There are 2 protein chains.
Amino acid sequence: MYDIIFKHLEEKVRLTQEEKEVIKTFFKPKKLKKKQFVVVEGHVCTYLTFVSKGLLKSYHSDDKGNEHINQFSPEGWWTSDMSSFFSGGISFYSIDAMEDSEVLLITREDFENLTIEVPVMDRYFRLLFQNSLITKERRLISSHTHTAEEKYRHLVENNPDLMKRIPQNLLASYLGLSPETLSRLKKNVIIGPK
Amino acid sequence: MYDIIFKHLEEKVRLTQEEKEVIKTFFKPKKLKKKQFVVVEGHVCTYLTFVSKGLLKSYHSDDKGNEHINQFSPEGWWTSDMSSFFSGGISFYSIDAMEDSEVLLITREDFENLTIEVPVMDRYFRLLFQNSLITKERRLISSHTHTAEEKYRHLVENNPDLMKRIPQNLLASYLGLSPETLSRLKKNVIIGPK
DNA sequence: AAATTCAATTGATCCAGATCAACTATTTGG
DNA sequence: CCAAATAGTTGATCTGGATCAATTGAATTT
């Protein structure tokens with residue numbers, strides 16, 4: 001269960017055996033059934049979540065009840081409503097499991113203690129957030145510059161594996177398109193081998 | 001010149017006098033005239049830039065030559081093409097000064113050394129990136145959920161000060177709107193006192 | 001302060017993608 | 001294994017915001 005998190009941590013930072021032991025003590029493993037929630041919009045997001053198996057999604061429901069997907073989180077990814085988790089305010093997103101999943105949970109307090117006891121975790125999260133930030137920036141510019149078709153093409157070309165696990169209506173939501181539009185434009189997009 | 005950066009660092013982390021001295025040695029101060037570039041799209045972004053005075057913008061030009069503003073950076077903010085800066089690839093954005101400005105520059109190599117010599121800087125940047133990430137996420141969801149008018153209203157309500165320094169066509173670009181659309185919708189938006 | 005360049009407004013037209021609606025798969029749970 | 005729910009397709013229509021074009025207004029430069 002912890003193998004996967006250490007593998008991911010060690011892609012960014014070096015850890016001693018003692019550090020690993022400390023890290024272990026801070027995370028609580030949990031199994032999630034498909035459709036089970038980690039946090040519901042409007043509540044406080046108590047945990048930062050590492051996905052060791054399965055697939056979660058985080059999304060926001062607007063006034064009209066339409067859902068807008070913020071992020072998909074497969075194995076090896078982190079998820080949370082960061083704003084709520086770090087500031088204690090209410091959550092803007094709901095997060096739930098799209099498949100039966102296994103996660104590692106850490107509370108805000110334990111997160112603070114972790115970064116104090118194992119300072120290299122600050123570096124790890126600095127690098128993690130740094131990379132996410134680059135991705136989010138690009139996605140935002142892409143939402144202004146690219147057509148619906150271009151956005152879809154980029155997505156499938158860059159995540160062919162993940163796409164197979166995600167129903168089309170949720171992809172549409174992630175891209176900010178209506179399901180009908182995505183259905184229609186697919187016909188023009190032939191994804192060939194690279 | 002360094003007062004402003006220390007003020008900002010110390011909003012997030014505690015620094016000893018010795019650490020401050022070390023930090024100082026890594027940053028190179030520079031004055032920028034209005035319209036002067038920090039980096040031009042397609043080149044490598046050599047510096048991470050702290051703005052101690054003035055206002056910069058980072059933007060991307062698409063195939064059709066349209067400019068899309070990624071970020072405005074007034075005093076106390078950082079700017080860079082993070083992807084280029086950290087990975088050494090070519091820059092996706094251009095960054096230039098919208099007003100005569102003063103900045104502090106640090107190279108990639110010095111940034112690495114800084115985080116090693118003053119490890120608390122990892123924490124500082126972890127916190128910085130964490131907050132940016134929250135903002136970017138919201139902006140992205142907003143670009144899917146809100147109308148042009150709502151996006152504009154949010155922007156002016158949350159940054160009334162900054163708005164006064166930014167010409168309307170650049171605001172339009174930042175919001176992903178045409179200048180004409182922004183001009184028109186302004187008539188419906190009465191920004192009252194809170 | 002006149003000249004040039006750049007920013008903002010206003011009008012007319014157009015279009016990508018949304019919405020509404022009906023129908024057809026495909027899942028999922030009992 | 002069947003019923004009910006959910007996901008995907010296709011067609012017809014609508015619309016927010018883009019684009020094109022002309023005009024006015026404000027800054028910079030000389």
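Naming: A, B, ... by sequence-line order, numbering from 1 per chain. Owing to the predicted nature of the structure, the values given are computational and were not obtained by experimental measurement.
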- [ ] Examine distances only and state if a side-chain atom of B:D100 and a backbone atom of B:K34 form a donor-acceptor pair shorter than 3.5 Å.
- [x] yes
Task: Nucleotide C:dT28, atom C1' - distance to NZ of A:K35 in whole Å - done: 8 Å
Task: B:M98 CE to D:dT28 C1', straight-line distance once rounded to whole Å - done: 17 Å
Open item on the list: Under 3.5 Å, is there a donor on one side chain and an acceptor on the other for B:H60 and B:N70?
Closed with: no
Open item on the list: So if I take every side-chain heavy atom of A:E180 and compare against D:dT10, C:dG17, D:dT19, which nucleotide ends up nearest?
Closed with: D:dT10
Task: Atom-pair distance (CG on A:L185; P on D:dG11), nearest Å - done: 16 Å
- [ ] Name the closest nucleotide to the A:K187 side chain, picking from C:dT10, D:dT10, D:dT28.
- [x] D:dT10
Open item on the list: Classify A:L177 by what it touches in the nucleic acid, base, sugar-phosphate, or nothing, heavy-atom distance under 4.0 Å.
Closed with: sugar-phosphate
Open item on the list: Of the options D:dT10, C:dA7, C:dT9, whose atoms approach the side-chain atoms of A:S183 most closely?
Closed with: D:dT10
- [ ] Side chain of B:S178 only, please: which of D:dG17, D:dT19, D:dG8 is the nearest?
- [x] D:dT19
Task: Presence of A:T181 side-chain N/O under 4.0 Å of C:dA18 phosphate oxygens OP1/OP2 - done: yes
Open item on the list: Ignoring hydrogens and geometry beyond distance, is the side chain of A:R184 in donor-acceptor contact with the base of D:dG8 at under 3.5 Å?
Closed with: no
Task: Side-chain N,O (A:K186) to OP1/OP2 (D:dG8) below 4.0 Å - done: no
- [ ] May I have the distance from A:N188 (atom CG) to D:dT9 (atom C1'), rounded to whole angstrom?
- [x] 14 Å
TODO: Indicate yes or no for a side-chain donor-acceptor contact from B:S91 to the backbone of B:C45 under 3.5 Å, with no hydrogens or angles considered.
DONE: no
Task: Side-chain (B:E41) to main-chain (B:S61) donor-acceptor, under 3.5 angstrom - done: yes
Open item on the list: Does a side-chain N or O of B:N169 approach OP1 or OP2 of C:dA8 to a distance below 4.0 Å, or not?
Closed with: yes
Task: Separation of C:dG29 C1' from A:K33 NZ (nearest whole Å) - done: 14 Å
Open item on the list: Expressed as a whole number of angstroms, how long is the span from A:L170:CG to C:dT27:P?
Closed with: 14 Å
- [ ] Answer yes or no: does a side-chain N or O of B:K34 lie under 4.0 Å from OP1 or OP2 of D:dT28?
- [x] yes
Open item on the list: I need the CG-C1' distance between B:L171 and C:dA7, as an integer number of Å.
Closed with: 13 Å
Open item on the list: I need the CD-C1' distance between B:E149 and D:dG17, as an integer number of Å.
Closed with: 13 Å
- [ ] Determine yes or no for a side-chain-to-main-chain donor-acceptor pair under 3.5 angstrom, with A:N66 supplying the side chain and A:D62 the backbone.
- [x] no
